[in-house]
Each structure stands twice: as structure tokens, then as C-alpha cells.
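The structure appears right after this line, and notes come after that.
What you see below is based on every heavy atom in this structure, not just the backbone, and it leaves out hydrogens, waters and symmetry mates. In each ligand, atom 1 is the first atom listed, and ligand 1 is the first ligand listed.
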Amino acid sequence: MFWYEDVSSTNDLAVAMAERGTPEGRVVVANGQSAGRGRHGRSWASPPGAGLYVSAVLRPPSHALPLLTIAAGVAVVEAIQAATGLVADVKWPNDVYAHGRKVAGILAEASSSNAAAIQHVVVGAGINVMPAAYPPEVAGRATSLEAELGRDVDRGLLLAEYLCALAARYQDLLGRRSDAVVRAWRARAASMLGRRVEWEGGGATRDGVALDIDESGALVVRTSAGPVRLAAGEVRWV
Ligand code: BTN
């Protein structure tokens with residue numbers, strides 16, 4: 001594990017290490033990030049000392065790929081509960097919410113968009129720990145573990161629990177126990193399943209009721225035109 005006081009993005013460092021051949025299991029952690037990245041090209045506010053910013057290099061076989069980010073989301077929720085007692089929820093595909101506000105997110109970056117050619121996947125997780133000075137555009141929609149709990153949280157313990165949970169869930173995938181990962185995700189998705197969601201698709205906003213995820217991690221939504229399978233992207237609660 002490499003620990004840094006301040007980096008641009010732990011994902012950027014982990015990707016560079018992966019490209020130089022670093023072994024599976026390499027972990028990069030930072031106290032703060034100056035250019036933390038989120039999904040869909042967004043930035044990830046990463047004030048020093050206020051969050052857990054961690055990236056892991058994995059070299060998954062192709063059968064472990066479809067559920068990898070789902071497994072990482074489950075691991076974050078499990079780690080938060082183990083380290084703090086807070087019961088958080090997953091929002092498809094792998095955001096983590098507490099009381100309706102986002103507390104953690106995952107950015108998984110593969111070395112290739114062609115599944116058969118993937119050499120490595122960097123799984124980056126950001127968990128808001130302290131109610132620090134998040135930018136105003138984030139503050140209303142985000143929360144932190146300490147804000148939810150009203151007490152201090154030990155980031156070292158949270159990191160240890162996360163890496164243990166990530167390793168265990170990754171072992172589930174390697175051992176072809178993906179049903180266990182899907183079951184764990186469902187058990188943490190109470191705020192998601194059965195809820196009306198909307199998303200952008202085919203140039204229009206579409207909506208339906210989120211029913212389940214399938215064995216490849218796709219979200220199954222009931223719409224007025226029948227069931228729809230969302231393989232990637234993001235949905236909003238309506
Ligand atoms: C999201 O929900 O948009 C994903 C956020 C992922 C943030 C983490 S923090 C550690 C790692 N390094 C980054 O630059 N991003 C991820």
C-alpha cells in the first residue's frame with residue numbers, strides 16, 4: 001500500500017502503476033486529492049483529511065468483470081457498517097447513500113473498453129468522512145459519515161474494513177459466487193428497488209420502477225412499454 005499526503009487523484013497514480021506492471025492488490029491512499037475524479041467526467045471534492053480516497057489495482061479474469069463495480073459498492077457499504085455501525089444503501093450501480101444523500105462513490109477504470117483485452121481495472125472509492133467544506137453544488141446532495149453519526153470516525157479502521165470487504169467480495173467473483181454478490185447488493189438496495197427512477201436514453205428522459213439487478217449487474221426497470229434492462233449509466237430517483 002502506498003500512502004500520500006496529497007495527490008492529484010489516487011486513480012491516476014494507480015493507473016500509472018498498473019500500466020507499469022504493478023501486481024494485483026496494489027493500493028494507493030491519499031489524505032487529500034487536488035484533482036479527484038468522479039464518474040461521467042465529474043470532479044470529486046477531496047478536501048485534505050475529510051474523506052477516504054483509495055484506489056486498488058485488480059487484474060480480474062473476464063468472468064469477474066460484469067459485477068466488479070457492484071461488488072465494490074457492496075464492499076463500501078459493508079465497510080461503513082463494520083467500522084461505524086451506520087447502515088448505508090447502494091444506489092445502482094454503485095453509489096452509496098445515507099438517509100437519501102450521497103456519502104460515497106466508486107470510479108472503476110479499465111485498461112481497455114474491450115472486455116477481452118482488459119489487463120487491469122483500477123477501483124477507486126471515495127467516502128465522505130467529515131462534513132468538510134464541500135463545494136456548494138455538492139453540499140445539498142452529499143453527506144458524510146460524521147454528519148450522519150454525530151461523532152468522529154476512524155479513517156484507518158474504515159480503510160482496513162474496506163480493503164477486507166473488497167478482497168472478500170472480489171474472492172466471491174473469482175470463485176464464481178456472483179450470486180452472493182447480487183444477493184448482498186439487493187439486501188442493501190432497499191431505498192432503490194421498488195422506487196420510481198428516471199434516466200436519459202435515446203435522446204429522451206424515460207422512467208419506470210426499478211425492480212432488480214440481473215446476474216450481469218444490469219438494472220431491470222418496469223416501464224409502461226415493458227421491462228427495460230439498463231447495462232450502464234445512472235438513474236435519478238423521481
Ligand atoms: C462518483 O461517485 O462519481 C465516483 C467518485 C470516486 C472518487 C474516488 S476518490 C479515490 C479515487 N480517486 C479519484 O480520483 N476518484 C476515486
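- Under a 4.0 Å criterion applied to the non-hydrogen atoms of G38, ligand 1 contributes the atoms 1 (C), 3 (O), 4 (C), 5 (C).
- Side-chain atoms of Q33 and T10 include a donor-acceptor pair closer than 3.5 Å.
- Remark: ligand 1 atoms within the under-4.0 Å shell around heavy atoms of D95 are 2 (O).
- Only one option out of E24, R26, E19 pairs with T22 in a side-chain hydrogen bond (donor to acceptor under 3.5 Å, both in side chains); it is R26.
- A salt bridge links R236 and E200; the closest N-O separation between the charged side-chain nitrogens and carboxylate oxygens is under 4.0 Å.
- Interface atoms of ligand 1 facing T10, defined by a heavy-atom separation under 4.0 Å, are 10 (C), 11 (C), 12 (N).
- When the shell of 6.0 Å around CZ of R195 is examined, it contains more than 12 heavy atoms from other residues, nucleotides or ligands.
- Between K91 and E234, no side-chain nitrogen of the basic residue sits less than 4.0 Å from a carboxylate oxygen of the acidic one, so the salt-bridge criterion is not met.
- Close approach of ligand 1 to G126 is summarised as follows: ligand atoms under 4.0 Å from at least one heavy atom of the residue are 7 (C), 8 (C), 9 (S).
- The shortest separation from a heavy atom of K102 to ligand 1 is under 4.0 Å, placing the residue in contact.
- Tested against R186 for a salt bridge (charged side-chain N to carboxylate O under 4.0 Å, His left out), the candidates D179, D89, D212 yield a single pass: D212.
- The contact set between ligand 1 and S55, taken as ligand atoms under 4.0 Å from a residue heavy atom, comprises 11 (C).
- At a 4.0 Å heavy-atom cut-off, ligand 1 does not touch S46 at all.
- Residue contact annotation: R42 has no non-hydrogen atom under 4.0 Å from ligand 1.
- For atom 1 (C) of ligand 1, the nearest non-hydrogen atom from the set K91, E234, R39 belongs to R39.
- Checking V182, V181, L173 one by one against I70, the side chain to side chain contact (heavy atoms under 4.5 Å, CB included) holds for a single residue, V181.
- Each of the following atoms of ligand 1 lies closer than 4.0 Å to a heavy atom of V54: 10 (C).
- Between S9 and ligand 1, an N or O atom pair is found at a separation short of 3.5 Å.
- A side-chain donor-acceptor contact under 3.5 Å links E148 and T143.
- The nearest protein atom to atom 9 (S) of ligand 1, hydrogens excluded, is given as Q33 NE2, 3.4 Å; this is a heavy-atom distance.
- Distance check, rounded to the nearest 0.5 Å: CD1 of I118 to OG of S113 gives 8.0 Å.
- Between W44 and ligand 1, no pair of N/O atoms sits closer than 3.5 Å.
- The contact set between ligand 1 and R37, taken as ligand atoms under 4.0 Å from a residue heavy atom, comprises 5 (C), 6 (C), 7 (C), 13 (C), 14 (O), 15 (N), 16 (C).
- Few gaps surround NE2 on H63; more than 12 heavy atoms of other groups in view lie less than 6.0 Å from it.
- For ligand 1, the atoms sitting less than 4.0 Å from at least one non-hydrogen atom of G36 are 14 (O), numbered in the order shown with element in parentheses.
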